[in-house]
Amino acid sequence: MNKNINALYQIAQKETRNIIGLMSGTSLDGLDIALCKISGSGQNSTVRIAQFETIDYSEDIKIEIRKVFAKKEIDFQHLVMLNEWIGLLHAEMINNFLKKRNIPSAEIDLIASHGQTVLHAPKFLHQQEKFPNATLQIGDGDHIAVKTGIITLSDFRQKHIAAGGEGAPVAVYGDYFLFGKKGENRIMLNMGGIANFTFLPASLNPEETFVTDTGTGNTLIDLFTKQYYPEKSYDKDAEIARKGTVNQLLLDHLKDDAFFRQEFPKTIGPELFSAEYVKAALTRSSSETIAAPDLLATLTRFSAETIAEAIHYAVNNSVDSLEDFKIYLSGGGMHNPLLVQWLKELLPCDFHKTDELGISGDAKEAVLFAILANETIAGEDFNFGSHKGIPSVTMGKISLPD
Ligand SMILES: Nc1ncnc2c1ncn2[C@@H]1O[C@H](COP(=O)(O)OP(=O)(O)OP(=O)(O)O)[C@@H](O)[C@H]1O
Ligand SMILES: CC(=O)N[C@H]1[C@@H]2OC[C@@H](O2)[C@@H](O)[C@@H]1O[C@H](C)C(=O)O
């Protein structure tokens with residue numbers, strides 16, 4: 001038997017697996033690395049985050065990724081080179097992460113690598129009938145496996161599409177296994193570049209479980225902060241937006257898009273929520289001369305209202321009142337006090353952070369990929385039923401180190 005297959009067989013039978021989960025999201029801020037100790041699988045999974053760090057991307061890395069990120073037309077050779085380069089960079093970051101902590105790579109059972117999303121094009125976006133939902137995450141898993149010497153699972157989203165999904169959100173699997181609680185209606189709201197939420201019903205009936213993207217989270221706020229204030233990469237603590245006033249007409253135009261009329265569940269990316277999207281709404285509302293604080297206030301309100309409306313709409317289909325709901329925040333947007341304040345005004349739920357459930361909101365997405373890898377190697381069949389957007393499949397391609 002190939003020694004790596006034997007190793008996988010042993011790993012699958014361990015009581016506790018050391019799995020490194022990686023996430024680099026649409027904010028292009030860096031690579032989240034979560035070293036997780038995972039016991040059990042499925043609903044019996046338990047996770048302890050042993051170590052977590054976000055390794056910031058250098059300006060050089062950001063510049064190279066932005067050349068292709070969310071763009072329809074690119075230099076194809078650049079994309080191909082980037083695929084290898086990001087794999088190598090992520091491997092180097094993991095090696096440094098382990099070295100800094102004196103953790104031998106032999107102690108790590110698996111790496112679960114999300115990769116860098118460069119384009120997310122569900123059918124709704126590309127509108128080309130003969131083509132399926134499409135998404136691309138780069139940073140090849142073979143490079144990570146060879147350079148770290150650790151068996152690596154990567155490219156999780158393709159199987160989701162192959163099995164009928166849009167390739168996202170995949171957070172629902174980990175959310176259900178780790179955070180589902182009988183007797184409590186929970187909403188796990190992640191506000192990264194794009195916002196998404198999982199609804200975990202008090203019944204824990206997998207058929208009633210629901211997940212969707214809602215639209216922009218931080219992506220437009222970040223984009224226009226950088227545009228008006230090149231020295232800043234985001235509107236820290238909403239300092240700028242707080243000084244502004246929401247422009248209602250502009251807000252109405254921002255919300256007037258087919259994406260918001262599309263039925264749930266749905267996914268989207270910065271391909272739609274781009275500078276052009278905002279510029280078109282500015283033109284339609286004749287507010288091109290808007291002051292930067294007013295624009296940032298309006299963009300923050302845009303995120304808050306579209307998140308709240310999606311939750312109202314999607315959840316009210318299955319339950320009557322949101323009042324007995326607990327909402328658990330994660331992702332960088334949970335640190336934006338204005339966004340959170342407005343959400344609290346718009347949603348009569350009980351607000352918490354996933355940190356209260358033992359998983360830091362900054363680490364949650366990286367942990368969720370470790371959970372997906374754990375399921376692929378050690379999980380047993382679990383059926384989410386016929387609910388749209390949650391195919392009952394394992395995900396991730398396996399790269400062996402030698
Ligand atoms: N103190 C803060 N005040 C306001 N915004 C903040 C603060 N801290 C973080 N953020 C926001 O969070 C963003 C980073 O979020 P996160 O790391 O969750 O993104 P991501 O992983 O790229 O997202 P995803 O992949 O889910 O789209 C920052 O760009 C910023 O907009
Ligand atoms: C294609 C892609 O990378 N989508 C991300 C992005 O960031 C947030 C939102 O959009 C979500 O749908 C998804 O990531 C999380 C981890 C998910 O799939 O659940």
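Note that ligands are numbered from 1 as they come in the structure, with each ligand's atoms numbered from 1 the same way.
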Note to self: Between N185 and K326, is there a side-chain donor-acceptor contact under 3.5 Å, judged purely by atom types and distance?
What the structure shows: no
Check: Would you say G193 has any N or O atom under 3.5 Å from an N or O of ligand 1, going by distance alone?
Finding: yes
Item checked: Sub-6.0 Å ring centroid separation between F179 and Y328 -> no
Note to self: Please list, in number order, the atoms of ligand 1 under 4.0 Å from a heavy atom of D235.
What the structure shows: 3 (N), 4 (C)
Notebook entry, point to check: Ion pair present between K14 and D109, side-chain N to carboxylate O less than 4.0 angstrom?
Noted result: yes
Checklist line | T117, portion touching ligand 1 at heavy-atom distance under 4.0 Å | finding: neither
Margin query: List ligand 1 atoms under 4.0 Å from E365, heavy atoms only on the residue side.
Written below: 24 (P), 25 (O), 26 (O)
Check: Out of curiosity, is N196 lining ligand 2, as in a heavy atom under 4.0 Å away?
Finding: yes
Notebook entry, point to check: What about D237: any of its N or O atoms under 3.5 Å from an N or O on ligand 1?
Noted result: yes
Next item on the list: Kindly confirm or rule out a cation-pi arrangement of K266 over F259, judged by NZ or CZ under 6.0 Å from the six-membered ring centre and within 45° of its axis?
Entry: yes
Check: Out of Q137, E166, R157, whose heavy atom sits nearest atom 14 (O) of ligand 2?
Finding: R157
Item checked: Interfacing atoms of ligand 1 (cut-off 4.0 Å, heavy-atom, N190) -> 26 (O)
